[in-house]
Amino acid sequence: MKRKTENQMLVIFGASGDLTARKLVPALYSLYAEDQLPEHFVVLGTSRSDMTDADFRNQVVLESDYLKEKLKNSDEAKTKKFAEMFFYQDLGESYGVDYASLRERVGQLNDEKRTQGNIMYYLSTPPRLYETIAKNLAEAGLSTQNNGWKRLIVEKPFGYSLETAKALNQGLQEHFKESQIYRIDHYLGKETVQNLLVTRFANSIFEPLWNRNYIKHVEITNAESVGVEKRGGYYDKSGALRDMFQNHLLQIVSLIVMEPPIGDEPEEIRDEKVKALKSLRIMRDEKTLHDNTIRAQYIASDIQGKIVKGYREEEDVDAESTTETFAAIKFFVDNWSWKDVPFYVRTAKRMPTKVTEVVIHFKSPHHQIFKESGIQNKDNKLIIRIQPDEGILIKFGVKVPGQGFKVERANLDFYYSSLMEAHVMEAYERLLLDAMQGDATLYARADEVEAAWEFVDPILDYWQNGKDVRMYGYPSGTWGPRNSDELIEGEGYWRNPGENLTDDENYCVLC
């Protein structure tokens with residue numbers, strides 16, 4: 001159901017960077033092709049590069065490698081009309097200069113293109129510039145909402161710790177109201193992440209079972225087959241816990257743990273997500289942290305005849321680095337529904353495949369009738385695949401035809417690719433459109449970010465300063481260090497999935 005999108009201007013800071021050409025402009029073109037943009041819409045790019053309007057249009061639209069496939073299906077007139085929405089303003093040598101020239105250009109375009117004073121600022125810059133840009137916009141009178149609304153989108157990472165996240169929140173809130181600030185997390189734009197809410201709250205067969213009475217444990221895997229590539233300098237200061245767990249994966253956890261909101265209004269949903277994150281049991285003592293956290297780095301390995309570098313051999317990585325490329329955390333949630341249900345979350349680079357999925361492991365029936373069937377320790381599972389092969393899979397027991405009661409597992413599945421007539425928006429498409437329409441449901445609030453850091457900070461501090469902290473190694477192309485399975489209680493193990501949703505290898509690490 002289409003919502004109204006008001007006429008507006010999108011101002012992109014850092015517009016000459018990779019993110020604009022690789023993600024933002026392709027997303028805008030998809031919205032344009034689907035007739036989702038407002039009648040009067042303008043994109044004003046700004047950065048420290050010396051370019052004209054024509055240069056900017058050529059770089060991000062007409063000659064962009066990232067748009068080639070999309071433009072194949074577009075006629076010349078349509079492409080030209082899209083490109084004409086783009087303009088450029090040079091900020092000079094620094095983002096800290098006076099924004100008088102920017103204010104003048106914004107006013108000119110607003111009058112000419114009738115964008116009604118509505119402006120969305122997208123900060124595609126290093127985080128250290130966020131406060132500077134917000135301050136300069138406010139001083140130039142470009143944050144006031146007397147004539148049209150103003151919104152500020154900031155990319156991750158949002159802080160490096162709880163202390164820096166609080167400082168950044170405070171810095172931005174001095175110049176923009178919290179309701180104007182949109183902290184983007186592209187994982188929340190993925191259709192299957194959003195479908196977590198619908199799966200839970202629109203189906204009476206799931207929500208009554210969504211608690212400690214029926215669920216044995218919850219498992220979340222985020223695996224990447226690539227290494228750090230050209231991001232060694234950034235990654236060595238960040239690591240897997242900051243790069244993926246603190247934001248993307250804890251956002252997914254909050255959607256699993258949250259209680260039913262009163263309704264579907266953005267603040268009602270975000271209120272429950274904050275409560276969920278605040279209910280995570282924070283690990284503070286060294287024994288708990290030692291027993292429930294594992295960190296590791298990928299090491300050199302032969303993958304299909306090709307020698308792959310180890311992490312410490314990557315470009316711009318310290319040869320004695322203790323930054324983790326694998327993080328596995330076991331934790332609990334202290335609320336009524338999830339008391340004593342373990343959550344297992346892992347994220348890593350250089351694994352066998354690229355995959356992100358949630359696995360809900362249900363408890364066995366209290367009374368096992370079919371004891372001789374071989375079905376023991378094969379409990380029901382609900383698997384929500386976020387990427388790739390997006391979909392939902394339920395594993396349940398069925399009788400094998402013939403005499404007796406031999407039971408095998410069967411799959412009941414749904415794939416988003418089966419919706420041939422539906423256009424499934426990519427993450428940035430959905431998130432940009434939501435921000436244009438003022439829907440903050442999928443954006444993080446200040447207290448939400450801080451609650452996530454409150455949980456993560458003690459783990460990072462222990463890994464940095466604790467006693468008997470170990471850094472394990474795992475050969476590139478494997479599922480992590482051997483002892484990562486030891487986190488799982490009982491006779492369990494991680495589900496080590498293949499590229500297809502139905503693949504369920506369940507083999508031990510490095511076996």
Side-chain angles (χ1 to χ4, degrees), residues 14 17-19 22 124-130 155-165 167-168 221-250 283 286 289-290 292-303 306-329 345-352 354 449 452-453 455-484 487 509-510:
D18 181 63
L19 180 67
R22 182 168 52 90
S124 178
T125 65
R128 58 184 168 77
L129 295 173
Y130 291 169
E155 276 277 354
K156 82 172 189 78
F158 199 87
Y160 188 76
S161 63
L162 176 59
E163 181 182 0
T164 56
L168 182 51
T221 290
N222 167 253
E224 295 183 57
S225 58
V226 298
V228 295
E229 298 180 301
K230 299 296 184 181
R231 300 171 67 229
Y234 159 77
Y235 198 89
D236 207 36
K237 295 179 177 64
S238 175
L241 205 66
R242 286 187 176 95
D243 189 48
M244 292 298 301
F245 181 84
Q246 183 275 333
N247 40 72
H248 300 327
L249 299 183
L250 281 185
M283 296 179 279
E286 290 208 359
L289 287 159
H290 177 273
N292 294 281
T293 70
I294 293 175
R295 64 175 184 168
Q297 290 176 346
Y298 62 81
I299 59 178
S301 177
D302 184 329
I303 301 178
K306 180 182 178 182
I307 301 298
V308 176
K309 290 180 181 179
Y311 174 68
R312 293 182 182 181
E313 300 162 351
E314 297 280 15
E315 184 180 346
D316 296 327
V317 171
D318 188 333
E320 298 181 356
S321 173
T322 57
T323 299
E324 76 286 353
T325 64
F326 174 100
I329 313 294
V345 181
R346 64 176 172 173
T347 177
K349 291 188 174 294
R350 282 284 183 227
M351 299 198 96
K354 178 179 179 178
V449 170
W453 275 118
F455 179 76
V456 170
D457 255 16
I459 302 173
L460 290 167
D461 182 63
Y462 168 69
W463 283 357
Q464 186 71 31
N465 304 307
K467 300 175 183 177
D468 194 29
V469 183
R470 299 177 184 177
M471 174 65 75
Y472 296 93
Y474 62 99
S476 297
T478 67
W479 285 105
R482 288 179 181 273
N483 59 324
S484 64
L487 279 181
V509 176
L510 301 183

(message) Please tell me whether Phe326 and Tyr298 form a close aromatic pair, meaning their ring centres lie under 6.0 Å apart.
(response) no
(request) Determine the minimum heavy-atom distance between Phe158 and Trp453, stating which atoms define it. (result) O-NE1, 3.1 Å
(message) Could you check whether any side-chain heavy atom of Ile294 comes within less than 4.5 Å of a side-chain heavy atom of Pro481, counting everything from C-beta outward?
(response) yes
(request) Could you tell me whether the side chain of Tyr462 reaches within less than 4.5 Å of the side chain of His290, counting heavy atoms only? (result) yes
(message) Which residue in the set Leu241, Asn222, Ile329 passes side chain to side chain contact (heavy atoms under 4.5 Å, CB included) when paired with Leu249?
(response) Asn222
(message) Measuring only between side-chain heavy atoms, which start at C-beta, is Pro475 closer than 4.5 Å to Thr478?
(response) yes
(message) Any donor-acceptor pair under 3.5 Å linking the side-chain atoms of Thr293 with those of Trp463?
(response) yes
(request) Indicate yes or no: does Lys354 engage Glu224 in a salt bridge with an N to O separation below 4.0 Å. (result) no
(request) Can you measure from CD1 (Ile307) to OG (Ser301) and round to the nearest 0.5 angstrom? (result) 7.5 Å
(request) May I ask you to check if Arg242 and Tyr160 form a cation-pi contact, with NZ or CZ under 6.0 angstrom from the six-membered ring centre and within 45° of the axis? (result) yes
(request) Answer with yes or no whether the side chains of Tyr474 and Thr325 bring together a donor and an acceptor at under 3.5 Å. (result) yes
(request) Answer yes if the side chains of Ser321 and Asp236 hold a donor-acceptor pair under 3.5 Å, and no otherwise. (result) yes
(message) Rounded to the nearest 0.5 Å, what separates atom OG in Ser124 from atom CD in Glu155?
(response) 6.5 Å
(message) With a 3.5 Å distance limit and no angle check, can you tell me whether Thr347 reaches the backbone of Met244 through a side-chain donor-acceptor pair?
(response) no
(request) Using a cut-off of 6.0 Å, state whether more than 12 heavy atoms not belonging to Glu313 lie near its atom CD. (result) yes
(request) Consider only side-chain N and O atoms of Asp243 and Tyr234, and report whether a donor and an acceptor are under 3.5 Å apart. (result) yes
(request) Mark yes or no for whether Thr164, through its side chain, and Gly159, through its backbone, hold a donor-acceptor pair below 3.5 Å. (result) no
(request) Would you sort out whether Glu315 and Lys230 count as a salt bridge (charged side-chain N to carboxylate O under 4.0 Å, His left out), showing the intermediate values? (result) CA-CA 7 Å; Glu315 184 180 346; Lys230 299 296 184 181; 3.6 Å; yes
(message) Could you report the tightest heavy-atom contact between Arg350 and Val308, atom names first, then the distance?
(response) NE-CG1, 3.1 Å
(request) Identify the two heavy atoms, one from Lys349 and one from Tyr235, that lie closest to each other, and give their separation to 0.1 Å. (result) CE-CE1, 3.3 Å
(request) State, yes or no, whether a side-chain contact exists between Pro127 and Pro157 at a heavy-atom distance under 4.5 Å. (result) yes
(request) Give a yes or no on whether the backbone of Ala240 and the side-chain of Glu324 come within a donor-acceptor separation of less than 3.5 Å. (result) yes
(message) If you compare all heavy atoms of Ile459 against all heavy atoms of Met283, which two are closest, and at what distance to 0.1 Å?
(response) CD1-CE, 4.0 Å
